[in-house]
Amino acid sequence: MNIELFGFWAGAVYEALDASETRVLGYKQIKKATKLKKEEIMIALGWLGREGKIVVTVNEDDTIVELV
């Protein structure tokens, strides 16, 4: 994998969150909005989390991601 792709994926997830009305999306919504694979989404979330741009909450039904 090319590390430049990590930033691209993070940008796609960030844009999907920013475009949502509430700036909050579940994992399935992110997948649908970005068309990224599970591994790509997880890498993107790690990138955004490390930068302090998101808060992630995991519950029984879904993984919820909020843009801060």
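Throughout, numbering of the chain's residues begins at 1 and tracks the sequence. These numbers come from the heavy atoms of this one structure, side chains and all, not from hydrogens, waters or symmetry mates. The structure presented is a predicted model; accordingly, all values stated were derived computationally and were not measured.
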State, to 0.1 Å, how close [X] and [Y] come at their nearest heavy-atom pair, and which atoms those are.
X: A12; Y: T34; value: O-CG2, 3.6 Å
X: K38; Y: K31; value: N-NZ, 4.1 Å
X: A16; Y: A33; value: CB-CB, 3.9 Å
X: W47; Y: G7; value: CZ3-N, 3.6 Å

| remark: Which of T22, V56, L17, V24 passes side chain to side chain contact (heavy atoms under 4.5 Å, CB included) with E66? It is V24
Supply the atom-to-atom distance [X] [atom1] to [Y] [atom2], rounded to the nearest 0.5 angstrom.
X: K37; Y: I43; atom1: NZ; atom2: CD1; answer: 11.0 Å
X: F8; Y: N2; atom1: CZ; atom2: CG; answer: 12.0 Å
X: L45; Y: R50; atom1: CG; atom2: CZ; answer: 15.5 Å
X: L25; Y: D18; atom1: CG; atom2: CG; answer: 10.5 Å
X: K35; Y: E40; atom1: NZ; atom2: CD; answer: 13.5 Å

| said: Measuring only between side-chain heavy atoms, which start at C-beta, is Y27 closer than 4.5 Å to I41? | reply: yes
| message | Are Y14 and V68 linked, directly or through intermediate hydrophobic residues, by side-chain heavy-atom contacts shorter than 4.5 Å (ILVMFWY only)? | response | no
| After noting the C-alpha distance and the side-chain angles of L48 and V13, does the key distance pass the side chain to side chain contact (heavy atoms under 4.5 Å, CB included) rule? | CA-CA 9 Å; L48 293 170; V13 171; 3.8 Å; yes
| field | Atom CD of E51 with >12 non-hydrogen neighbours under 6.0 angstrom | value | yes
| With no hydrogens and no angle check, is any side-chain donor or acceptor of Q29 less than 3.5 Å from a backbone partner on G26? | yes
| Any sub-3.5 Å donor-acceptor pair from D62's side-chain atoms to I64's backbone N or O? | no
